[in-house]
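Each chain gets a letter, A, B and so on, in the order its sequence line appears, and its residues count up from 1.
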Amino acid sequence: MTDKNAQPGNRSEEIGADLESPHRLIEARLEKMAELGKSVELYPYGYDRTHTSAQLQDQEAKLAAGEVKIRYPGRIMAKRGTGKTLFVPISDEWGTVQAYFRKDDLGEEPFRLIQKLVDIGDWIGVEGTLFRTRTGEMTVKVEKYVFLAKAIRPLPEKYHDMSLENKCRRRYLDLAMNQECRDRFKLRSEIITEIRAFFGREEFMEVETPVLQTLYGGATARPFKTHHNSLDMTLFLRIADELYLKRLIVGGLEKVYEIAKDFRNEGMDRTHNPEFTMLECYAAYWDYHDMMDLMERLMGQLAEKFSDGGKLKYGEHELDFGKPFARVRFMDALAEKTGLDLMVLSDEEVAKVAKKEGITLKKGMGRDKILDELFSELVEPELIQPTFVMDHPKELSPLAKAHRETDGLVERFELFVAGFELANSFSELNDPREQRQRFLAQKELLDAGDEEAQQLDEDFLQALEQGMPPTGGLGLGIDRLVMLLIDSNNIRDVLLFPHMRPEQGQV
RNA sequence: GCGCCACUAGCUCAAUUGGCAGAGCAACUGACUCUUAAUCAGUAGGUUCGGGGUUCGAUUCCCUGGUGGCGUACCA
């Protein structure tokens, strides 16, 4: 995409962008690098580490008593010198341990190199013994050190936090400077590992389905479009993996799940990124009640592992995942808020209620879509404790099975926590005739102007015609789940590289 | 998408009504053998996001473009 009006240099110059005349700060480092390179290897091939910072903390008593030689590598975070000594905090993934360099111990030249030519941000490995300084800080007394990698750019300033933009654009600096950031993403990894372990215990099989799809489906959203050159055809990045996972159920795999990146071509805000991680799972012979039970087990186990006794602090709330979640029917929740039984009202009367509640009605908005808007407006924000909202209007859920008791509804639930939707599940529609009709109804919505209505997927219908057993399915937003567990209200806190517009001149 | 606000040294931020563009950290030179945001003395570092306009004079006011933040819309 070319912007005719784009002009170069719209942001302050990236340092070092000009190789002919490097930035003064880089130039200084390049000079030191040249001198250092005469006597040491600047980029060696490895380092034989004996302990991480965490292991040094844990095993201090043993190490200090035994005068054990340790080798500890990491990144130099600061230098505090006094003429013939130097204290250097060195960070690894787990924390920071300071090293103590003494001219008398190291000799003239090695001390000069560390004092004059080694910069904050460089990687080194120090070898020596562990001791406590007079002021009580655990310290490696360095006998020798090796250079591991030279940095030619400076680290950010150390005692003010980086701007949010900088943290996201250059996450490697956020990670380098902030232990909290490293810990946060390690926690995300542990949460996902625990989710996989859970589904393993529940005997689900992890699968992978296509990201590039000829038809997008399984959710209501606008897709990203791309092009396959040798086939000369349009492909879409998936907005969901639902229709492929159901094909696997047709094939006879009985319990499958996928942790998938989905892509939706829509707005971005603190709970939306164009690419996000979704877990979907499907189980043969299950219905949505079984899926509710599964969600309670999953959330209960996650909360237990990642919080205090199943009670999770989220913002001003304390969320309780330790007991069965509240269950409320979609229409009942609306009836309670409006004082009206919207099931028996005419379309016109429903529209009138929506207008009264300040909802802007748009072209192509069906009755059920209006009900959905009403629900979002009136009910969702108040669903703080984990709550299953059940039995939605049919039109909103073209892939869900009709309710076994009530006409016009489907067997579906959404799990709401802290005012946002965390999971969505149905008893899956497996009657191919009805599925075809629902697709056709979607087509009418599409023609009426609803850009997000689903397309008819003939290949998927063929699969259903082959026979799909009764099936329960569920989608769970992983990024939002992580936000919940780490008490964050911004999706960028849980994405290593959230989508950002490119800076000018960086494309 | 729309609305409001912001953008100044590598980083985090100041700058009175439109009147010489500053500090801390980082960098450089020097002093200092247990420091903790080390300290002390000194030096250097700027297309004030880009472009245009008003003005004797613009970081400051106006127009326009860029990026970001917040709110709002759509969505998970």
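Checking A:Glu93 against A:Thr52 by side-chain atom types alone, no donor-acceptor pair falls below 3.5 Å. When only modelled atom types and interatomic distance are considered, A:Gln454 and A:Arg438 share no side-chain donor-acceptor pair under 3.5 Å. A donor-acceptor pair shorter than 3.5 Å cannot be found between the side chains of A:Thr129 and A:Glu67. A donor atom on one side chain and an acceptor atom on the other are not found under 3.5 Å apart for A:Gln385 and A:His317. No hydrogens or angles considered: a donor-acceptor pair under 3.5 Å links the side chains of A:Ser427 and A:Glu411. A donor-acceptor pair shorter than 3.5 Å cannot be found between the side chains of A:Thr85 and A:Arg102. For the residue pair A:Gln115/A:Arg112, the side-chain donor-acceptor check at 3.5 Å is not satisfied. Side-chain atoms of A:Glu242 and A:Tyr244 form no donor-acceptor pair, as typed in the model, at a separation below 3.5 Å.
Rounded to a whole angstrom, the distance from the C1' atom of B:rC49 to that of B:rC5 is 16 Å. Nucleotides B:rA6 and B:rU16, compared at atom P, are 14 Å apart to the nearest Å. One C1' atom belongs to B:rG45, the other to B:rA9, and the distance between them is 6 Å to the nearest Å. If you take atom C1' in B:rU35 and the same atom in B:rG68, they sit 39 Å apart, rounded to whole Å. Here, B:rU8 and B:rU33 have their P atoms 41 Å apart, quoted to the whole Å. Spacing between B:rC7 and B:rC62 at atom P, rounded to whole Å, works out to 14 Å. B:rC13 and B:rC20 have their P atoms separated by 25 Å, given to the nearest Å. Nucleotides B:rA14 and B:rG52, compared at atom C1', are 28 Å apart to the nearest Å.
Note: CE (A:Met268) to P (B:rA73) measures 18 Å, nearest angstrom. In this structure, the CG atom of A:Asp269 is 18 Å from the P atom of B:rG3, given to the nearest Å. The distance from atom CE of A:Met162 to atom C1' of B:rG10 is 13 Å, rounded to the nearest whole Å. In this structure, CG of A:Leu396 is placed 15 Å from C1' of B:rA76, rounded to the nearest angstrom. In this entry the distance linking CE of A:Met77 with P of B:rA26 reads 12 Å, nearest Å. Per the geometry, CG belonging to A:Asp119 stands 7 Å off P belonging to B:rA27, to the nearest Å. One can place CZ of A:Arg24 at 14 Å from P of B:rA26, the figure rounded to the nearest angstrom. Look at CD1 on A:Ile26: it is 17 Å from C1' on B:rA44, rounded to the nearest Å.
Ion pairing of A:Arg29 with A:Glu31 is absent here, as no side-chain N (NZ or NE/NH1/NH2) approaches a carboxylate O to less than 4.0 Å.
Residue-to-nucleotide proximity on RNA chain B shows that, of A:Asn273 and A:Met500, the 5′-proximal contact is made by A:Met500. Residues A:His160 and A:Thr139 each lie close to RNA chain B; by heavy-atom proximity, the contact nearer the 5' end of the strand is made by A:His160.
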### Summary
The contact string for nucleotides 29-34 of chain B, one letter per nucleotide 5' to 3', using protein heavy atoms under 4.0 Å with B, S and - for base, sugar-phosphate only and none, comes out as -S-BBB
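Within the nucleic acid shown, A:Glu280 has no heavy atom closer than 4.0 Å to any nucleic acid atom. Within 4.0 Å (heavy atoms only), A:Gly267 reaches at least one base atom of the nucleic acid. As judged by a 4.0 angstrom heavy-atom cut-off over every strand, A:Asn166 is placed among residues touching the sugar-phosphate backbone only. In this structure, A:Thr220 reaches the sugar-phosphate backbone alone: every heavy-atom distance under 4.0 Å involves primed, P, OP1 or OP2 atoms, never a base. Within 4.0 Å of A:Asn424, counting heavy atoms only, lies no atom of the nucleic acid at all. A:Glu421 comes within 4.0 angstrom of the backbone, heavy atoms only, and of no base. If you check every strand for non-hydrogen atoms under 4.0 Å, A:Lys141 touches nothing.
Minimum atom distance to the side chain of A:Glu157 is reached by B:rC25, of the listed B:rC25, B:rG68, B:rA76. Picking from B:rA26, B:rA73, B:rU67 the nucleotide with the shortest atom distance to the side chain of A:Lys158 gives B:rA26. Relative to the side chain of A:Arg501, the nucleotides B:rU67, B:rC74, B:rA26 differ in distance, and B:rU67 lies closest. Candidate nucleotides B:rG10, B:rU67, B:rC74 were compared by shortest atom distance to the side chain of A:Glu165, and B:rU67 ranks first. Taking only side-chain atoms of A:Arg80, from C-beta outward, the nucleotide of B:rU35, B:rA27, B:rG45 with the closest atom is B:rU35.
Every stem involving RNA chain B, taken as at least 3 paired positions in a row under the Watson-Crick or G-U wobble test at 3.5 Å, is listed here: B:1-7 with B:66-72, B:10-13 with B:22-25, B:27-31 with B:39-43, B:49-53 with B:61-65.
Ring-base stacking between A:Phe420 and B:rA76 is not satisfied when judged by a centre separation under 5.5 Å and a plane angle under 30°.
Between the side chain of A:Asp92 and the backbone N or O of A:Ser53, at least one donor-acceptor pair lies under 3.5 Å.
The side chain of A:Lys32 places an N or O atom within less than 4.0 Å of a non-bridging phosphate oxygen (OP1 or OP2) of B:rC28. Between B:rG68 and A:Arg169, a contact under 4.0 Å exists linking OP1 or OP2 to a side-chain N or O.
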### Task
Verify side chain to side chain contact (heavy atoms under 4.5 Å, CB included) between A:Lys69 and A:Leu63, making sure each step is shown before the conclusion.
CA-CA 8 Å; A:Lys69 289 270 189 295; A:Leu63 296 171; over 6 Å; no
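Between A:Phe388 and the choices A:Tyr288, A:Phe413, A:Phe330, the ring pair (Phe, Tyr, Trp, His ring centres under 6.0 Å) rule is met once, by A:Phe413.
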